[in-house]
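One structure is given below, encoded as structure tokens.
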Amino acid sequence: MIDVLVIAPHPDDETLGCGGSIAHHTAMGRNVHIVFLTSGEQGVAGTAPEHAGLVREREAEAAAGKLGVACDNIHFLRLPDGGLDPGNRSQFLSVLGILRQTRPEVVYIPHAADASHDHQQAHLLVWRALEKGASRSYPDAGRRHWVGTVLGYEVWSAIGIPTFFQSLQAAETEAKLSALACYSTQVKGEGEADYAGEGGVALARFRGAMTSGGHREAFAVLRLGALPWPPPCDQRPA
């Protein structure tokens, strides 16, 4: 069984960036884990952070269920929202530990230039852990593990030149929409970002329109030891 790990800075980033791909993996019988670096506790207007974080975690669990992810495969590291720091040893060891615990073959992270400070810091933090995953250093963080494939997903800004596309079947697009609908705290007011509904699949629709039609999710290939799943039949060599 192929193990896939999706790392999200906040609840909802996993669905916006690669929710259709998560649904695809679970439909194919692959073992998907989702790690939330923060609980997004600063992201609910008028709600105290300690309560907002719990609410958003419940939303994340419901959304993951819509994508076919087992409840035991959802992990909350509860790092500070707005305070991700690649140089912080404790944060680094938390991420390294979950990488070595879950032992994925494929990891999804925000792409390096995603237009959010937390997303950029998340990219650097996770990449630091990925670089040390197979090192003999930090033995207390668990047994060494090398991740062969790392893909960067897009949320707040599009990848300039995507190098991998995942075509989404209608059921996978619907699963993405159903998962986004779980994030009711992220329904914004007039004049604010609107992505907890149809807006959340607009980028996937654009990616499809510019390539093969339908909906597709686009990624930056950050590391590629080997693609651990076979290409579609129509893309295999004769």
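Side-chain contact of His25 with Tyr108: a donor-acceptor pair under 3.5 Å is present, judged by distance alone. Judged by distance alone, the side chains of Ser184 and Glu59 do bring a donor and an acceptor atom under 3.5 Å apart. Side-chain contact check for His24 and Glu172: at least one donor-acceptor pair (N or O, by modelled atom type) lies under 3.5 Å.
Across all their heavy atoms, Tyr183 and Ala60 have their closest contact at OH-CA, 3.3 Å. In terms of heavy atoms, Ala175 sits closest to Leu67 at O-CD2, 3.6 Å. Taking both residues in full, the closest heavy atoms of Leu151 and Phe164 are given as CD1-CD2, 4.1 Å, listed atom of the first, atom of the second, then distance. For the residue pair Ala218 and Phe165, the shortest heavy atom distance occurs at CB-CE2, 3.7 Å. Here the shortest heavy-atom pairing between Pro104 and Leu99 reads CD-O, 3.5 Å. In terms of heavy atoms, Leu96 sits closest to Ala141 at CD2-CB, 3.7 Å.
Leu130 and Val4 fall into different hydrophobic clusters, defined by Ile, Leu, Val, Met, Phe, Trp and Tyr side-chain heavy atoms under 4.5 Å apart, directly or through other members. When the side chains of ILVMFWY residues are joined at heavy-atom separations under 4.5 Å, either directly or via intervening members, Val69 and Leu77 end up in two distinct hydrophobic clusters. By the rule that hydrophobic residues join a cluster once side-chain heavy atoms approach within less than 4.5 Å of another member, Ile2 and Leu224 end up as members of one cluster. Cluster annotation: Phe219 and Val155 are assigned to the same hydrophobic cluster (Ile/Leu/Val/Met/Phe/Trp/Tyr, side-chain heavy-atom contacts under 4.5 Å, transitive). Residues Val126 and Tyr153 do not share a hydrophobic cluster, defined by chaining ILVMFWY side chains whose heavy atoms lie under 4.5 Å apart.
Inter-residue side-chain proximity for Leu54 and Glu50 is flagged as unmet; no heavy-atom pair is nearer than 4.5 Å.
With hydrogens and angles ignored, the 3.5 Å screen pairs no side-chain donor or acceptor of Arg216 with any backbone N or O of Gly208. Side chain of Gln186 to backbone of Gly43: a donor-acceptor contact under 3.5 angstrom is found. Using a distance-only test at 3.5 Å, with no hydrogens or angles considered, no donor-acceptor pair links the side chain of Thr15 to the main chain of Ala63. The main-chain N or O of Ala115 is found under 3.5 Å from a side-chain atom of Ser157 such that the two form a donor-acceptor pair.
By the side chain to side chain donor-acceptor pair (under 3.5 Å) test, Glu217 is found to be paired with Ser21, Lys176, residues two or more places apart in sequence or in another chain being considered. In this structure His123 satisfies the side-chain contact (heavy atoms from CB on, under 4.5 Å) test together with Ile109, Ala112, Leu222, sequence neighbours excluded. By the side chain to side chain donor-acceptor pair (under 3.5 Å) test, Arg223 is found to be paired with no residue, residues two or more places apart in sequence or in another chain being considered. Under the rule for a salt bridge (Lys or Arg N to Asp or Glu O under 4.0 Å), the partners of Asp12 that lie at least two apart in sequence or sit in another chain are Arg56. Listed by chain and residue number, nothing satisfies the side chain to side chain donor-acceptor pair (under 3.5 Å) test with Thr163 (two or more places apart in sequence, or in another chain).
Ring-centre distance between Phe76 and Phe36: below the 6.0 Å cut-off.
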Side-chain donor-acceptor pairs under 3.5 Å in residues 78-88, sequence neighbours left out?
unit_1, atom_1, unit_2, atom_2, d
Arg78, NE, Glu57, OE2, 2.8
Arg78, NH2, Glu57, OE1, 2.9
Asp81, OD1, His10, NE2, 3.2
Asp81, OD2, Glu41, N, 3.3
Asp81, OD2, Gln42, N, 2.9
Asp85, OD1, Gly87, N, 2.9
Asn88, OD1, Ser90, N, 3.0
Asn88, OD1, Gln91, N, 2.9

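The aromatic rings of His33 and His75 lie parallel to each other, with less than 30° between the two planes, well short of the 60° mark.
Salt-bridge annotation for Glu131 and Arg128: absent, with no side-chain N of the basic residue lying under 4.0 Å from a carboxylate O of the acidic one. Remark: Glu154 engages Arg207 in a salt bridge, criterion side-chain N to carboxylate O under 4.0 Å.
Residue Thr102 holds its OG1 atom at 9.5 Å from CG of Asn31, rounded to the nearest 0.5 Å.
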